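The next block holds one structure in the form of structure tokens; read it before the comments.
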There are 2 protein chains.
Amino acid sequence: MDRGNAFDPDCPTRVVLDRIGDKWTVLVIGALEDGPLRFTEVRTRIGGVAPKVLTQTLRAMERDGLLTRTVHAQVPPRVDYELTALGTSLTAPIAMLTDWAESHLTQILASREGYDAALDAR
Amino acid sequence: MDRGNAFDPDCPTRVVLDRIGDKWTVLVIGALEDGPLRFTEVRTRIGGVAPKVLTQTLRAMERDGLLTRTVHAQVPPRVDYELTALGTSLTAPIAMLTDWAESHLTQILASREGYDAALDAR
DNA sequence: GTCATCAGTTACCAATGGTTACCGTCGAAT
DNA sequence: ATTCGACGGTAACCATTGGTAACTGATGAC
């Protein structure tokens, strides 16, 4: 079985790719890699994420079973987010991706510069 | 050096993640894995992509040096898209990701069902 | 002439993602 | 007694992106 089924627009594999492709999911997983965090801890650890968007991301990940959300009945409230085994298993492929990103970043930026320069010349 | 720099909103690693996270980039790479294709060939191989969006995706990938675009001065026109070495090097991490997706899909779908059922119950 | 082919572009619309402000609860401080 | 601040959000609004449908331009075939 190839992964060509990902080409089918209705294939559920797309669904997973969409989740991975989500701008913040990868960052959240990175943030929670070392242990559970509270909402605001996640928020400050990831730069520049709006609370609404973070909530959406966390809820979606909870729905997909990537993390658990535990509410402690306290005041002020305390909500802990923790990766599940499933969520943790995602760290390996993601690490590959970020490694690739870091090692090829200069190439990409150089390519962009060349492309944009060629455009300006026209 | 950790990959924590991805947490910096201005870090260029984000840029790469955004590209990977793009809905169609992964599919295009998969389509071109076996050799160069023409515009419409890519289009038909990937289900459900609008020409405008495909153009945008291909241009962005060209800019990043992931593929080359060669125009043959013919009528009807012929444009070939081919992965560069850089683009090909991305297939490995992507394969890991799709493998993960396929092997954990049932877990995810089950988790979603449970989550949605719990919501409906309320 | 008219039509078909290919690789797009243009104008337009819907959905998604993101930003800024605000809320409710309760203990502590004034 | 009352304001203050922490925390984990929500509400209303706006921007960007994704998507659709129709059209273009060159040319050889019919």
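Since this is a predicted model, take the numbers as computed values, not measurements. Letters A, B, ... are given to chains in the order of the sequence lines, protein chains preceding strands, and every chain is numbered from 1.
- The salt bridge (charged side-chain N to carboxylate O under 4.0 Å, His left out) check on B:Arg63 picks up A:Asp116, with sequence neighbours excluded.
- Within a 6.0 Å radius of CD in B:Glu113, other residues, nucleotides and ligands contribute 12 heavy atoms or fewer.
- Checked against B:Leu67 for a side chain to side chain contact (heavy atoms under 4.5 Å, CB included), the options B:Thr88, B:Ile29, B:Leu32 give a single hit: B:Leu32.
- Near-neighbour residues of DNA chain C inside residues 35-43 of chain B, defined by a heavy atom below 4.0 Å, number-ordered: B:Arg38, B:Phe39, B:Thr40.
- Residue-level contact check: A:Asp80 touches neither bases nor backbone, having no heavy atom under 4.0 Å from any strand.
- Annotation: side chain of A:Arg19 is not in contact with side chain of A:Leu90 (no heavy-atom distance under 4.5 Å).
- A heavy-atom distance below 4.5 Å is found between the side chains of B:Asp80 and B:Arg38.
- Crowding of A:Glu41 atom CD: a count of heavy atoms from other residues, nucleotides or ligands under 6.0 Å exceeding 12.
- For DNA chain C, the residues of residues 52-77 of chain B within the heavy-atom distance limit of 4.0 Å (strictly under) are B:Lys52, B:Thr55, B:Arg59, B:Arg69, B:Pro76, B:Pro77, sorted by number.
- On the nucleic acid side, DNA chain C has its first and last nucleotide under 4.0 Å of a heavy atom of chain A at C:dG18 to C:dC26, going 5' to 3'.
- One finds the CZ atom of B:Arg45 at 5.0 Å from the CG atom of B:Leu37 (value rounded to the nearest 0.5 Å).
- Read 5' to 3', the first and last nucleotides of DNA chain D with an atom closer than 4.0 Å to a heavy atom of chain B are D:dG18 to D:dT27.
- Chaining together hydrophobic side chains whose heavy atoms lie under 4.5 Å apart leaves A:Val75 on its own.
- A heavy-atom distance below 4.5 Å is not found between the side chains of B:Lys23 and B:Val53.
- The side-chain heavy atoms of B:Val28 and B:Met61, taken from C-beta on, include a pair separated by under 4.5 Å.
- Panel note: side chain A:Thr40, backbone A:Arg43; no donor-acceptor pair is recorded below 3.5 Å.
- The two atoms that bring A:Ser111 and B:Glu62 nearest to each other are OG-O, 3.9 Å, heavy atoms only.
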